[in-house]
Undergrad: 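Before I ask anything, here is the structure I am working with.
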2 protein chains.
Amino acid sequence: MPLACQAKITDTPTQISCLQCSINTICFPAGLDLDLRTELYNVLNHPPALERGEVLFRTGATMKGIYAIRSGAIKTYITDENGHEQVTGYYLPGELLGLGALHSGKHFQIAEALESTYLCQIPVEDLNRLSKDHPQIQEQLINLLSKQLHDHHKMVWHLGLKNATSRVAALLLNCSERCHDRGFSASEIKLNLSRQDISSHLGLAVETVCRIFGQLKRDKVIDFKGRQIDILNFDALNEYMGTKMVQKGKIPRI
Amino acid sequence: MPLACQAKITDTPTQISCLQCSINTICFPAGLDLDLRTELYNVLNHPPALERGEVLFRTGATMKGIYAIRSGAIKTYITDENGHEQVTGYYLPGELLGLGALHSGKHFQIAEALESTYLCQIPVEDLNRLSKDHPQIQEQLINLLSKQLHDHHKMVWHLGLKNATSRVAALLLNCSERCHDRGFSASEIKLNLSRQDISSHLGLAVETVCRIFGQLKRDKVIDFKGRQIDILNFDALNEYMGTKMVQKGKIPRI
DNA sequence: TTAAATAATTGACTTATGTCATGTTGTAGG
DNA sequence: CCTACAACATGACATAAGTCAATTATTTAA
């Protein structure tokens, strides 16, 4: 099964048609008539590929459009006055980015590519114009927004977990599930967040994340080489996430 | 200025018209024509008041409609196999509840009243029907969803903060801001979450939350009596939330 | 109103996690 | 291929936060 980071580019990225796109059914899941899809595809454009570290948008920037990730990955973060990053989310192929800015027209976070990333963009003006004429598109948008809101409720839950191990386990399972939902492998995931990114997202120290990764590897719950992670035992990981295991079978200190 | 929990009920709750409702401009902020509003008000209904502890919907339940809180407050939480609660969110007067279930039609969390709570409900069928005919309503819905998504991004940020004090400070400021946005006092807030609720939301122990509350009171950053909180020093609270203060001016242990 | 139950607080002590220091591995650029 | 730099890992130690236990408010129910 292909990994999330290896979604095939079936055409040169600047001219690819969504009609042939392997993930188009994910971006706009269901219920759009072919002619509406075609209309959408006509306004859709493909910004040049982002290289690792390149920024898609910044805090305060005017929203240009909504983005779908075709391949690659994006992290979002905010920075404090001292330039210290705190990662607030990550986005995988097939996922939409920037919806939270629709109501204000301004971005709240910084979005940065974690690896070479190809995007599709629908400019806001086109989206608004199409929306006016086609309730179906709005309906679709409402669905997508609602889905994202649901996912974020889940994330809030995961971040509220009380110990480091359960938070890490939750992150791994969340990534796995999202990969799986998009047709990638659920067990072999490549999350291109650095350990630093992960720790800042979970509110932990880098060292803690490293230690938990190491421990999970020794316990054969996961295996990994760098950022390529292989989940070996989902049940165990689920138990680490849940409160049950947190009480009785804690991870012993090294 | 009235407190969040003291929004005036200007009529008997079961027959109140939104046209006179003091918070209607908050639920559907702008841009709706009067006749559309009227249509909306016609399908809108008022379930009987919820008493403290009563449940509005449960995990897995079919979504009946979307809810706006007229007065009172609601918490959402999920439970693990052992019945242990983890609070994932709270909702104040003027806020909408249940939007995350639109795409699946099923609720993911449990919603429970924190005090006597009056709601408005728009049944999904009516919402769908009106949506089909009136792009304006969809537009409005998209706006509201986007706004909620934005708020949740913020919450994810707050929950990722690394130490207990900054998370508590973030919660207080979040509540304050939301009260303020809705025309209530920003400094005198009544957050009807128990200390237990707060701790579970933030991934902390109850005792830790109590101690931080106590310390903030001794430092004259806040004052409180039970769940009635008075923010005395916003700057200090902001510094506690930010990483700056976390490093140099930590709260000394008692 | 009082009694009982629940929630909040506080202290003493333990432990998970953070911090600092140092070594290792991996990766980008010449 | 080597060098330089960043990412990752691990140990020793410090400390923030958790746990357990006891006490004092606050509700709720009788």
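In what follows, every chain begins at residue 1, and chains take the letters A, B, ... in the order their sequences are listed. Reckoned from all heavy atoms, side chains included, excluding hydrogens, waters and symmetry mates.
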Undergrad: Choosing from C/dC20, D/dC8, C/dT17, which nucleotide comes nearest the side chain of A/S194?
TA: D/dC8
Undergrad: Of all the nucleotides listed (D/dA16, C/dT10, C/dA21), which has the minimum atom distance to the side chain of B/N163?
TA: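 The closest nucleotide is D/dA16.
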Undergrad: Expressed in angstrom and rounded to an integer, what is the separation of B/Q196 atom CD from C/dA5 atom P?
TA: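 To the nearest whole Å, that distance equals 20 Å.
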Undergrad: Within this structure, what is the CG-to-C1' distance between B/L204 and C/dT17, rounded to whole angstrom?
TA: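 In whole Å, C/dT17 C1' and B/L204 CG are 13 Å from each other.
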Undergrad: Between the protein and nucleotides 24-30 of chain C, list every N/O to N/O distance that falls short of 3.5 Å.
TA:
{"unit_1": "C/dG26", "atom_1": "OP1", "unit_2": "A/K225", "atom_2": "NZ", "d": "3.3"}

Undergrad: Among the nucleotides D/dG18, D/dC8, C/dT10, which one has an atom lying closest to any side-chain atom of A/R195?
TA: D/dC8
Undergrad: In this structure, how many angstroms lie between the P atom of C/dA8 and the CZ atom of B/F224, rounded?
TA: 10 Å
Undergrad: Is it true that B/E95 and B/R182 have a side-chain N and a carboxylate O under 4.0 angstrom from each other?
TA: yes
Undergrad: Round to the nearest Å and state the distance from B/R167 atom CZ to C/dT17 atom C1'.
TA: 12 Å
Undergrad: What pairs with A/E207 under side-chain hydrogen bond (donor to acceptor under 3.5 Å, both in side chains), at least two apart in sequence or on another chain?
TA: none
Undergrad: Between P on D/dT28 and CD on B/E115, what's the gap in Å once rounded to a whole number?
TA: 12 Å
Undergrad: How close or far is atom P of D/dA16 from atom CZ of B/R211, stated in whole angstroms?
TA: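 So the two atoms are 13 Å apart, to the nearest Å.
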Undergrad: Here's a test for you: under salt bridge (charged side-chain N to carboxylate O under 4.0 Å, His left out), which of B/E115, B/E85, B/E54 qualifies with B/K75?
TA: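 Among B/E115, B/E85, B/E54, the one meeting salt bridge (charged side-chain N to carboxylate O under 4.0 Å, His left out) with B/K75 is B/E85.
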Undergrad: Within the pair B/R227 and C/dA8, is there a side-chain N or O less than 4.0 Å away from OP1 or OP2?
TA: yes
Undergrad: Should A/K162 be listed as having a side-chain N or O under 4.0 Å from OP1 or OP2 of D/dT19?
TA: yes
Undergrad: Is it the case that A/Q109 and A/T88 place a side-chain donor and acceptor less than 3.5 Å from each other?
TA: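 Present: a donor and an acceptor within the cut-off.
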Undergrad: Has B/Q196 got a side-chain atom pairing as donor or acceptor with B/V206's backbone, closer than 3.5 angstrom?
TA: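 Answer holds: no.
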Undergrad: Between C/dT10 atom P and B/L216 atom CG, what is the distance in whole Å?
TA: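 Nearest whole value for this atom pair: 13 Å.
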Undergrad: Whole angstroms only, please: what is the CD-P distance between B/E207 and C/dT10?
TA: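 Atom CD in B/E207 sits about 12 Å away from atom P in C/dT10.
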Undergrad: Hey, which of these two, B/V209 or A/V206, hits DNA chain C nearer its 5' end, going by closest nucleotide?
TA: B/V209
Undergrad: Look at all strands and tell whether A/G53 reaches a base, only sugar-phosphate, or nothing, counting heavy atoms closer than 4.0 Å.
TA: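 The answer is nothing, as A/G53 stays clear of every strand by at least 4.0 Å.
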Undergrad: Between A/K154 and A/E177, is there a side-chain N and carboxylate O pair less than 4.0 Å apart?
TA: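 Looking at A/K154 and A/E177, the cut-off is met.
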Undergrad: Are the aromatic rings of A/F108 and B/H150 close, with centres under 6.0 Å apart?
TA: yes
